[in-house]
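All remarks here apply to the structure that follows.
First listed ligand is number 1; within each ligand, the first listed atom is number 1. Side-chain atoms are counted along with the backbone in the values below, which use heavy atoms only and exclude waters and symmetry mates. Residue indices begin at 1 and follow the sequence shown. Because the structure is a prediction, the values reported are computed rather than measured.
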Amino acid sequence: MRILAPSLLGADFKHMEQEIRAVEKAGAQYIHLDVMDGAFVPSISFGMPVIASLRSCTERVFDVHMMVEKPERYIDDIRACGADIICVHAEACIHLDSVISRIKASGARAGVALNPATPIHVLEQILPQVDMVLIMTVNPGFGGQSFIPYTLEKVRALRTWCDSLGLTMDIEVDGGISAANVRPVLEAGANVIVAGSAVFKGDAYENARELMELLREYER
Ligand code: DX5
Ligand code: ZN
């Protein structure tokens, strides 16, 4: 299934509820929430209280992207705030195996994110335990950056690798994705598409609807 995960980092924070309604109405299945700690990435975004408050606005899947150091400190709290998927960066975890186990024990689905320069083979031992791999298509930290072309090859190689192991893995891509460049990403094997500025700059409903239409083409 091809899934649209609008990133609220690109939304108007004064009107979060309306922004969520707009993408919901357009058919987006996930809401992507970017938690930044000012240490793993330079910027600071939002955390537990904001996620908990937004939880009451929607029943869509909350896909929480943890751009924080030692994310294991927050797993239970983020889950309690309503995260359905908790995605941690491999680069931020010394004990990735135990972090994944703890995410699963919390009842959330476990995602592992890789920065553009991190090779996919770091997942070699852990791949069967993971529910989703997030291939960063920009360096994490800010919305509105340009897609890094070489990351497309990582998506393709990961999909081929998962297929060879018989793993029906969700592969998410995040950063610089828009209606103009989403096709090659889908063709490479990504099935969860994060989009921040491409959705929330301008008419969020129209932008999300256009992306959803493109995603549906690949279901046929
Ligand atoms: C960036 C975040 C993204 C960001 C994407 O580090 O992880 O989710 O919001 O924004 P766009 O789609 O504008 O690149
Ligand atoms: Zn993100």
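- At a threshold of 4.5 Å between non-hydrogen side-chain atoms, the residues Asp37 and Glu69 count as touching.
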Anything under 3.5 Å between a donor and an acceptor, one on a side chain of residues 182-195, the other on a protein residue two or more places apart or in another chain? List them.
| from | atom 1 | to | atom 2 | distance (Å) |
| --- | --- | --- | --- | --- |
| Arg183 | NH1 | Glu217 | OE1 | 2.8 |
| Arg183 | NH2 | Glu217 | OE1 | 3.4 |
| Arg183 | NH2 | Glu217 | OE2 | 3.4 |
| Glu187 | OE2 | Tyr218 | OH | 2.7 |
| Asn191 | OD1 | Arg159 | NH2 | 3.4 |
| Asn191 | OD1 | Ile171 | N | 2.8 |
| Asn191 | ND2 | Met1 | O | 3.1 |
| Asn191 | ND2 | Asp170 | OD1 | 2.7 |

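- Rounding to the nearest 0.5 angstrom, the gap separating the CD atom in Glu91 from the CE atom in Met67 is 11.5 Å.
- Around the Zn ion (ligand 2), protein atoms of type N, O or S found under 2.8 Å number 4.
- Using modelled atom types, no side-chain atom of Thr58 and backbone atom of Leu54 make a donor-acceptor pair closer than 3.5 Å.
- Remark: Arg55 is positioned above the aromatic ring of Phe62, its terminal NZ or CZ atom under 6.0 angstrom from the ring centre and at most 45 degrees off the axis.
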Please report, to 0.1 Å, the donor-acceptor pairs under 3.5 Å made by any side chain of residues 39-49, with sequence neighbours excluded.
| from | atom 1 | to | atom 2 | distance (Å) |
| --- | --- | --- | --- | --- |
| Ser45 | OG | Asp34 | O | 2.6 |
| Ser45 | OG | Met36 | N | 2.9 |

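- Sorted by chain then number, the residues whose non-hydrogen atoms approach ligand 1 to under 4.0 Å are Ser7, Leu9, His32, Asp34, His65, Met67, Met136, Pro140, Gly141, Phe142, Gly143, Gly144, Asp174, Gly175, Gly176, Val194, Ala195, Gly196, Ser197.
- Interatomic distance, Ile78 CD1 to Ile51 CD1, rounded to the nearest 0.5 Å: 4.0 Å.
- Interatomic distance, Asn181 CG to Ser178 OG, rounded to the nearest 0.5 Å: 4.0 Å.
- The 12-atom threshold is not exceeded at NZ of Lys70, counting heavy atoms of other residues, nucleotides or ligands nearer than 6.0 Å.
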